[in-house]
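Here the structure comes first, spelled out in structure tokens, and everything after it is commentary.
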Amino acid sequence: MKAPPGEPLVGERYEVEVGAVAHGGGHCVARHEGRVLFVRHTLPGERVIVEITEGTTKSRFLRGDAVEVLEAAKERIEAPCPFAGPGKCGGCDWQHVTPGGQRKLKGQVLTEQLAKLAGLTAAEAGWDGSVEPVGGKLPPGAVPAWRTRVQYVVDPASGSVGLRKHRSHDIQPVDRCLIAAEGVSELGVEARSWPGVESVDVIAATGSSDRQVVLVPEVGAQLPIVELDRPVSISRIDDHDNFHRVHGRTFVREVAAGRTWRVSNGGFWQIHPEAPDTLVSAVLEGLDPQWGESALDLYCGVGLFAGALAERVGDDGAVLGIESGKQAVLDARHNLAALENVRIECDKVETLLPRTGITSTDLIVLDPPRAGAGRETIAHLSGLEARRIAYVACDPAALARDLAYFREGGYRPVSLRAFDLFPMTHHFECVAILEPAQGARTA
């Protein structure tokens with residue numbers, strides 16, 4: 001890669017007044033001599049000394065860390081994690097912010113994205129402006145241990161594990177991740193050495209005792225003998241990204257929505273232990289499925305929403321799930337084998353949906369990847385005359401863009417809920433419910 005033009009400014013320090021929170025990365029916006037700075041480890045309204053971490057004299061904008069706080073915001077606290085802060089672990093963005101302050105920042109991001117990309121106010125989106133906390137109330141200063149899946153990277157020199165620094169391949173050694181769930185921490189991964197290993201993925205299932213460790217060995221290296229503090233299944237990923245069992249199961253059993261779910265090969269599952277039930281509840285409440293209705297579950301994963309919908313629409317109804325991941329489809333078919341009114345197909349949504357011959361349906365759930373569903377897919381969905389559509393989104397910008405596309409197709413949001421399913425980070429999850437706009441043609 002070519003070096004960026006201009007003289008490097010990395011290491012330069014400026015005194016700035018911090019403005020609004022920005023979407024993505026845990027940054028806030030500041031300006032210095034007319035140039036935009038994206039600053040981490042700060043809060044709106046603060047006055048800080050920022051040290052530049054990326055950019056040159058010719059960069060359109062600069063990135064930096066607040067290394068000294070001159071005037072603090074009222075929501076600022078001492079970061080409870082010793083590995084949080086400038087130049088350290090990049091996993092958490094808001095360790096220095098009260099829980100209520102974190103949710104306030106996320107609400108500001110969603111408000112800004114709705115206005116900028118969808119042309120909607122909170123009221124027009126059916127949103128009350130809040131980001132809802134999930135999980136029980138913690139004592140002051142306590143950190144929620146919610147992350148049931150943690151990917152550690154291994155320092156090749158020492159063999160010890162750590163976590164990536166922000167926007168870097170550099171490793172921050174850690175002896176404990178405060179947001180890791182108890183089922184992850186109890187394995188003692190941080191306490192042992194991992195010679196010949198590049199990364200260690202740890203999965204702690206919710207509702208069962210299943211624990212899984214997935215190792216990526218260094219090229220040509222022999223896997224070490226793994227002895228951890230609890231019973232655990234071990235797998236590895238080879239140089240061609242193929243998954244291999246070393247011992248134990250190749251899957252974990254997750255419990256949610258009144259059902260046990262097989263999730264194989266380290267596949268996708270919501271990482272907050274209460275996320276699946278929270279999202280299923282929001283989707284079902286918003287859609288209000290009726291007996292005998294038909295439904296689509298798009299980007300269906302291992303079948304979480306499809307299973308919940310199938311039980312509500314009953315034997316006279318039908319649910320079609322579409323998922324591109326082959327192993328996820330096998331898991332979904334296994335998980336929902338007892339439900340005769342569900343069919344799961346393997347392909348990309350944008351490829352398969354037009355070929356199904358489906359011209360109408362009653363309900364649609366879509367939980368697309370972070371980039372969103374996109375204009376073409378949404379145009380197709382808007383023509384299916386669905387009574388209601390539930391859109392589950394992990395990125396507020398993608399959600400807002402797709403809401404604008406739905407408006408082009410004659411659909412409007414009637415409710416929107418945001419959930420703080422990733423405390424201490426800038427991430428959160430949304431569920432939007434859409435209906436045909438009054439008088440709109442959706443055929």
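By convention here, the first residue in the shown sequence is residue 1.
Side chains of Lys104 and Thr98 form no contact here, defined as non-hydrogen atoms less than 4.5 Å apart. Residues Val319 and Phe305 form no side-chain contact, since every pair of their non-hydrogen atoms from C-beta on lies 4.5 Å or further apart. Contact of the Leu399 side chain with the Gln113 side chain is not registered, since no non-hydrogen atoms from C-beta on lie closer than 4.5 Å. The shortest distance between side-chain heavy atoms of Phe243 and Val214 falls below 4.5 Å. Side-chain contact check for Val213 versus Val246: every heavy-atom pair is 4.5 Å or farther apart. Between Leu105 and Val131, the closest side-chain pair of non-hydrogen atoms is not below 4.5 Å. Contact check for Lys116 versus His23: no side-chain heavy atoms found under the 4.5 Å cut-off. Residues Gln327 and Leu330 are in side-chain contact: their nearest non-hydrogen atoms beyond the backbone lie under 4.5 Å apart.
Among all heavy-atom pairs drawn from Asn242 and His244, the shortest one is O-CD2, 3.4 Å. Contact between Pro354 and Val349 at its shortest, heavy atoms only, is CD-O, 4.0 Å. Between Ala118 and Ala400, the shortest heavy-atom distance links the atoms CB-O, 3.4 Å. The nearest pair of heavy atoms linking Gly87 to Gln172 is O-OE1, 4.5 Å. Annotation for Arg387 and Glu435: closest pair O-CG, 3.9 Å, computed over non-hydrogen atoms. Between Ile358 and Leu320, the shortest heavy-atom distance links the atoms CD1-CD2, 3.6 Å.
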Residue pair Glu285, Arg417: steps toward the salt bridge (charged side-chain N to carboxylate O under 4.0 Å, His left out) verdict: CA-CA 11 Å; Glu285 181 181 332; Arg417 296 176 69 183; 3.6 Å; yes
Worked check of side chain to side chain contact (heavy atoms under 4.5 Å, CB included) between Leu416 and Leu114: CA-CA 11 Å; Leu416 174 61; Leu114 288 172; 3.9 Å; yes
Criterion salt bridge (charged side-chain N to carboxylate O under 4.0 Å, His left out) on Arg253 and Asp210, from CA distance to verdict: CA-CA 6 Å; Arg253 294 165 296 179; Asp210 291 354; 2.8 Å; yes
Check against side chain to side chain contact (heavy atoms under 4.5 Å, CB included), Val189 and Trp194: CA-CA 9 Å; Val189 167; Trp194 298 89; 3.9 Å; yes
From CA spacing to verdict: side chain to side chain contact (heavy atoms under 4.5 Å, CB included), Tyr391, Leu403: CA-CA 9 Å; Tyr391 188 124; Leu403 289 180; 5.6 Å; no
Stepwise side chain to side chain contact (heavy atoms under 4.5 Å, CB included) test for Leu339 and Arg259: CA-CA 12 Å; Leu339 298 173; Arg259 187 179 295 275; 3.6 Å; yes
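Without hydrogens or angle criteria, Arg401 side chain to Arg375 main chain gives no donor-acceptor distance under 3.5 Å. Proximity of a side-chain donor or acceptor of Tyr152 to a complementary backbone N or O of Val202 within less than 3.5 Å is not detected. For Trp261 (side chain) and Leu304 (main-chain N/O), no donor-acceptor pair under 3.5 Å exists by modelled atom type. Asp65 contributes no side-chain N or O that, together with a main-chain N or O of Val67, makes up a donor-acceptor pair within less than 3.5 Å. No donor-acceptor pair closer than 3.5 Å links the side chain of Asp367 to the backbone N or O of Tyr299. Side chain of Asp239 to backbone of Val219: no donor-acceptor contact under 3.5 angstrom is found. Checking side-chain atoms of Ser281 against main-chain N and O of Asp277 turns up no donor-acceptor pair under 3.5 Å. Distance alone, capped at 3.5 Å, places no donor-acceptor pair between the Ser59 side chain and the Leu62 backbone. Judged purely by atom type and a 3.5 angstrom limit, Thr361 uses its side chain to pair as donor or acceptor with the backbone of Ser294. Distance alone, capped at 3.5 Å, places no donor-acceptor pair between the Trp127 side chain and the Thr111 backbone.
If you take CD1 on Ile344 and CD on Glu323, they are separated by 9.0 Å, rounding to the nearest 0.5 Å. The CG atom of Leu178 sits 8.0 Å away from atom CE of Met424, with the distance rounded to the nearest 0.5 Å. Taking SG from Cys89 and CD1 from Ile179, the interatomic distance works out to 8.0 Å, rounded to the nearest 0.5 Å. A distance of 8.0 Å separates OG1 in Thr53 from CZ in Arg167, rounded to the nearest 0.5 Å. Summarising the geometry, atom CD belonging to Glu429 is positioned 5.5 Å from atom SG belonging to Cys394; distances are rounded to the nearest 0.5 Å. Rounding to the nearest 0.5 Å gives a distance of 10.5 Å between CG of Asn335 and CD of Glu254.
Salt-bridge formation is not detected for the pair Glu376/Lys348: no Lys NZ or Arg NE/NH1/NH2 atom is positioned less than 4.0 Å from an Asp or Glu carboxylate oxygen. Using a 4.0 Å cut-off between charged nitrogen and carboxylate oxygen, Asp331 and Arg262 count as a salt-bridge pair. Ionic pairing of Asp93 and Arg40 is present here: one or more N-O contacts between side-chain nitrogen and carboxylate oxygen are shorter than 4.0 angstrom.
Heavy atoms from other residues, nucleotides or ligands lying under 6.0 Å from NE2 of His247 number more than 12. The 12-atom threshold is not exceeded at CG of Asp315, counting heavy atoms of other residues, nucleotides or ligands nearer than 6.0 Å. Within a 6.0 Å radius of NZ in Lys165, other residues, nucleotides and ligands contribute more than 12 heavy atoms.
No side-chain donor from either of Thr250 and Ser264 sits under 3.5 Å from a side-chain acceptor of the other.
Using bins of under 30°, 30° to 60° and over 60° for the plane-to-plane angle, the ring pair Phe422/Trp146 lands in the perpendicular bin.
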